[in-house]
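We use all heavy atoms of the structure for the numbers below, so side chains are in, but hydrogens, waters and symmetry mates are not.
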Amino acid sequence: MSQRQVLQVFEQYQKARTQFVQMVAELATRPQNIETLQNAGVMSLLRPLLLDVVPTIQQTAALALGRLANYNDDLAEAVVKGDILPQLVYSLAEQNRFYKKAAAFVLRAVGKHSPQLAQAIVDCGALDTLVICLEDFDPGVKEAAAWALGYIARHNTELSQAVVDAGAIPLLVLCIQEPEIALKRIAASALSDISKHSPELAQTVVDAGAIAHLAQMILNPDAKLKRQVLSALSQIAKHSVDLAEMVVEAEIFPVVLTCLKDKDEYVKKNACTLIREIAKHTPELSQLIVNAGGVAAVIDCIGSSKGNIRLPGIMMLGYVAAHSENLAMAVIISKGVPQLSICLSEEPEDHIKAAAAWALGQLGRHTPEHARAVAVTNTLPVLLSLYMSAESSEDLQLKSKKAIKNILQKCTYLPALEPFLYDAPPNILKHVVGQFSKVLPHDSKARRLFVTSGGLKKVQEIKAEPGSLLQEYINSINNCYPEEIVRSSSDSN
């Protein structure tokens with residue numbers, strides 16, 4: 001065989017390998033092909049090609065593996081069991097930028113599925129190499145590495161700590177300062193994934209100076225970047241008063257309120273979440289939000305949104321209202337009650353209704369004035385029907401019952417209470433009758449109305465256990481009236 005023929009054989013072999021990896025990488029983009037590829041044993045065929053002498057074959061083999069591993073955890077498991085990870089990690093340190101991007105993609109695709117698979121990546125020593133890639137001159141390599149690190153960190157505290165211990169945080173903070181928007185997004189997302197697990201992990205992100213750089217990007221025109229920035233600040237602020245105060249000190253107010261009017265629904269949601277995570281900690285932080293116009297802005301945002309986008313805003317109003325009478329009144333003055341009532345009636349999802357019920361309960365529980373502000377919006381009958389409905393989730397029933405109780409125990413606005421005499425179950429009725437027994441002895445006009453409306457007659461129909469609290473309330477009401485009026489109400493039954 002001549003030298004030319006030998007070279008031709010090698011050329012054909014190279015061409016065949018190139019065609020093979022390209023075809024597999026292409027086929028792996030379509031879900032309908034995945035099972036066939038898996039059954040054909042494609043993993044074991046791709047593995048040796050990761051160490052091919054031709055760089056483009058190596059890169060395409062890695063890309064194909066990444067696409068397969070990305071599809072489901074069985075295929076990701078096959079990458080781990082096929083002993084492919086050590087080869088990827090070895091090559092990640094040695095090869096060109098195209099290969100590094102493809103190898104980091106495989107690690108991300110494997111690590112995203114479960115803590116166990118992410119742990120397998122940690123165990124094969126990938127973190128140190130990925131952190132080195134964060135210093136690469138190529139932004140695409142940095143982005144791929146940041147993405148992989150974020151996907152590993154998002155699972156749990158231990159994996160997140162491993163990413164921190166590998167030295168990723170200072171480099172991720174540098175990445176959010178790079179000019180490339182895609183790199184900023186992924187680095188902010190990774191910082192969010194690290195911060196979410198514990199106050200200690202969030203503190204390491206803060207100590208690296210992340211807050212100031214994140215806060216500066218709140219007004220960036222790129223919606224996807226804003227989503228990640230707001231998410232990262234939320235994950236830091238949620239853990240403690242100190243961390244929330246550090247976020248506030250970066251002068252995010254009133255700037256963050258502009259995000260509540262953003263065209264992007266998830267920017268709105270994440271901005272509401274950030275405000276909620278700050279408001280929940282202390283009355284002082286809630287007051288700061290009120291002073292910045294945050295309550296009115298969140299109420300507007302709830303009004304212009306639907307579904308889960310509303311949820312953090314609803315909860316934020318509940319947290320603010322829970323702190324004090326004055327803060328609850330600030331929500332009422334800003335017309336928060338009608339907006340929450342709309343959510344309670346309109347929203348199809350039980351968990352959103354439950355949040356609205358809880359928030360209304362926090363608003364109405366402080367004083368008779370607060371309770372009346374909720375009662376006049378005709379919210380109580382809606383809460384009662386949700387509590388009584390067999391279709392309501394257990395949580396919605398519980399939250400509705402608690403809200404009714406909170407509001408009733410302060411409510412002295414009798415027109416809102418009277419329908420409950422007819423519709424309420426015994427455990428709610430007790431509170432309703434209790435409120436009448438408090439108000440009627442001191443209000444002659446209310447006493448007259450109570451007779452003419454048939455309320456007194458209805459009270460006589462209630463079957464109460466002798467000596468029970470309910471019986472005491474009924475006796476208190478009856479004692480407000482001359483005996484003959486009480487008797488005539490009883491007789492007319």
Side-chain angles (χ1 to χ4, degrees), residues 322 325 344 354 357-358 360-493:
E325 285 178 25
L344 192 68
W358 169 77
L360 286 161
Q362 298 307 317
L363 281 163
R365 72 182 178 84
H366 294 284
T367 69
E369 197 185 350
H370 291 79
R372 180 175 178 144
V374 177
V376 294
T377 59
N378 208 29
T379 297
L380 285 166
V382 180
L383 286 167
L384 183 64
S385 68
L386 290 170
Y387 167 55
M388 303 282 282
S389 170
E391 289 173 17
S392 294
S393 69
E394 199 179 326
D395 184 51
L396 176 54
Q397 289 178 332
L398 197 69
K399 296 274 197 312
S400 299
K401 179 186 166 189
K402 189 87 195 297
I404 293 167
K405 215 167 137 184
N406 281 346
I407 297 159
L408 287 181
Q409 285 173 337
K410 292 294 178 190
C411 188
T412 55
Y413 179 60
L414 300 187
L417 295 180
E418 205 156 313
F420 275 68
L421 289 173
Y422 301 89
D423 304 329
N427 58 338
I428 303 283
L429 188 63
K430 178 178 69 182
H431 300 294
V432 177
V433 177
Q435 288 309 102
F436 278 105
S437 75
K438 285 181 203 167
V439 177
L440 292 173
H442 313 290
D443 189 332
S444 57
K445 188 183 170 194
R447 285 200 295 276
R448 281 195 304 278
L449 279 171
F450 197 55
V451 175
T452 54
S453 69
L456 185 62
K457 173 178 176 291
K458 184 64 193 168
V459 167
Q460 306 314 310
E461 293 170 14
I462 295 168
K463 304 280 185 282
E465 290 280 323
S468 66
L469 196 56
L470 180 54
Q471 187 62 60
E472 278 181 40
Y473 292 150
I474 294 169
N475 293 344
S476 298
I477 292 169
N478 291 345
N479 290 341
C480 298
Y481 295 95
E483 207 172 309
E484 61 273 18
I485 291 182
V486 176
R487 200 178 306 118
S488 69
S489 294
S490 300
D491 293 345
S492 61
N493 292 333

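- Of the possible polar contacts, one joining the Arg365 side chain to the Ala322 backbone as a donor-acceptor pair under 3.5 Å is found.
- Side-chain atoms of Thr367 and Glu325 form no donor-acceptor pair, as typed in the model, at a separation below 3.5 Å.
- A salt bridge links Lys458 with Glu461; the closest basic N to acidic carboxylate O contact falls under 4.0 Å.
- With rounding to the nearest 0.5 angstrom, the CD atom of Gln435 is 8.5 Å from the NZ atom of Lys410.
- In this structure a side-chain-to-backbone donor-acceptor pair under 3.5 Å is missing from Tyr473 to His431.
- Nearest heavy-atom pair, Ile407 versus Leu360, reported as atom, atom and distance to 0.1 Å: CD1-O, 4.0 Å.
- Atom CG of Leu440 is separated from atom OG1 of Thr412 by 11.0 Å, given to the nearest 0.5 angstrom.
- Environment of NZ in Lys438: crowded, with over 12 heavy atoms of neighbouring residues, nucleotides or ligands closer than 6.0 Å.
- A side-chain donor-acceptor contact under 3.5 Å links Gln397 to the backbone of Ser389.
- Nearest heavy-atom pair, Phe420 versus Leu429, reported as atom, atom and distance to 0.1 Å: O-CD1, 3.7 Å.
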ask   = Should Lys402 and Leu398 be marked as a side-chain contact (heavy atoms from CB on, under 4.5 Å) after you check the CA-CA gap, both sets of side-chain angles, and the distance that decides it?
value = CA-CA 6 Å; Lys402 189 87 195 297; Leu398 197 69; 5.9 Å; no
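- Residue Lys430 holds its NZ atom at 13.0 Å from CD1 of Ile462, rounded to the nearest 0.5 Å.
- Residues Lys457 and Gln460 bring no donor and acceptor atom of their side chains to less than 3.5 Å of each other.
- Counting heavy atoms of neighbouring residues, nucleotides and ligands inside a 6.0 Å radius, atom CD of Glu418 exceeds 12 of them.
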